[in-house]
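Reading through the structure tokens given below for one structure.
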Amino acid sequence: MANVQYAQFRSQNKVVDASGRVVAGLVTRVGTRIANAINEYYKQKGLSSALHGYKWEFNLVQSNEVNAWCMPGGKVVVYTGLLSVTQNEAALAIVLGHEITHAVAGHGRERMSQAILAQDIQVAGNLALSNNPKTVNIFNTVYGPSAQVGVLMPNSRKQEMEADHYGLIFAAMAGYDPHEAIPFWERMAKLGGSKPPPFLSDHPADEERIKKLQELMPEALTYYKPVGQ
Ligand SMILES: [Zn+2]
């Protein structure tokens with residue numbers, strides 16, 4: 001289902017051509033390094049089979065929205081609006097590490113199963129599911145294209161913490177300084193200004209998130225190999 005929905009999203013949005021634009025090349029480069037780090041991490045843990053069927057693809061889409069998301073199967077989208085908040089390559093790595101963790105850890109699948117149960121949709125195999133308009137609808141709410149997910153729409157607090165935790169590790173393994181997570185989330189918090197938009201209202205309180213990131217930093221640094229070393 002992810003493949004079909006991703007193709008549809010691409011056809012309906014303005015994908016920035018990587019050959020002509022430095023920024024699109026940046027997204028592919030950072031994304032590929034994060035994906036390699038994840039492959040390596042899963043291999044070390046003997047969990048490579050969990051990534052079976054992943055075919056990574058990274059696209060930059062022209063949009064002022066400050067967002068990014070990853071579908072199961074490794075289909076990733078970054079919106080150009082996010083780049084003004086990430087501001088540097090390491091911060092983009094932090095966001096991609098976070099979003100890809102949601103996908104590989106099956107967070108969307110957890111939420112999708114809950115929604116399918118809640119709506120009492122008859123489950124009779126994957127094909128039946130992917131042909132059911134209700135299921136497609138849930139898919140689009142849980143994953144990217146509805147714009148209700150990604151950086152802007154946090155998952156449960158537990159899932160957010162997990163994504164922050166492994167996102168830091170994957171960014172560090174990919175050669176990016178995990179410390180960049182802190183100024184990045186501070187910039188995200190400022191976006192809300194004095195009246196935070198609804199999408200931030202469920203976020204773990206910003207101070208709480210930053211405190212947690214600081215606690216996770218020593219572990220992440222054990223994985224950090226700066227590029228070129
Ligand atoms: Zn998240």
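Values below: all heavy atoms of this structure, side chains included; hydrogens, waters and symmetry mates excluded. Order of appearance sets the numbers: ligands from 1, and atoms from 1 within every ligand. The first residue in the sequence is number 1, and the count goes up from there.
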Evaluate Lys212 against Asp164 for salt bridge (Lys or Arg N to Asp or Glu O under 4.0 Å), listing each step before the verdict.
CA-CA 9 Å; Lys212 194 78 201 166; Asp164 277 348; over 6 Å; no
Does the side chain to side chain donor-acceptor pair (under 3.5 Å) test come out yes or no for Asn88 and Glu180, once each step is laid out?
CA-CA 9 Å; Asn88 61 65; Glu180 286 295 334; 3.3 Å; yes
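Between the side chains of His102 and Glu162, no donor-acceptor pair of N or O atoms lies under 3.5 Å. Side chains of Glu57 and Asn59: a donor-acceptor N/O pair is present below 3.5 angstrom, by distance only.
At least one N/O/S atom of His98, from backbone or side chain, sits under 2.8 Å from the Zn ion (ligand 1).
Taking the N/O/S atoms of His102 in turn, the shortest distance to the Zn ion (ligand 1) belongs to NE2. If you look at Glu160 and ask which of its N, O or S atoms sits nearest the Zn ion (ligand 1), the answer is OE2.
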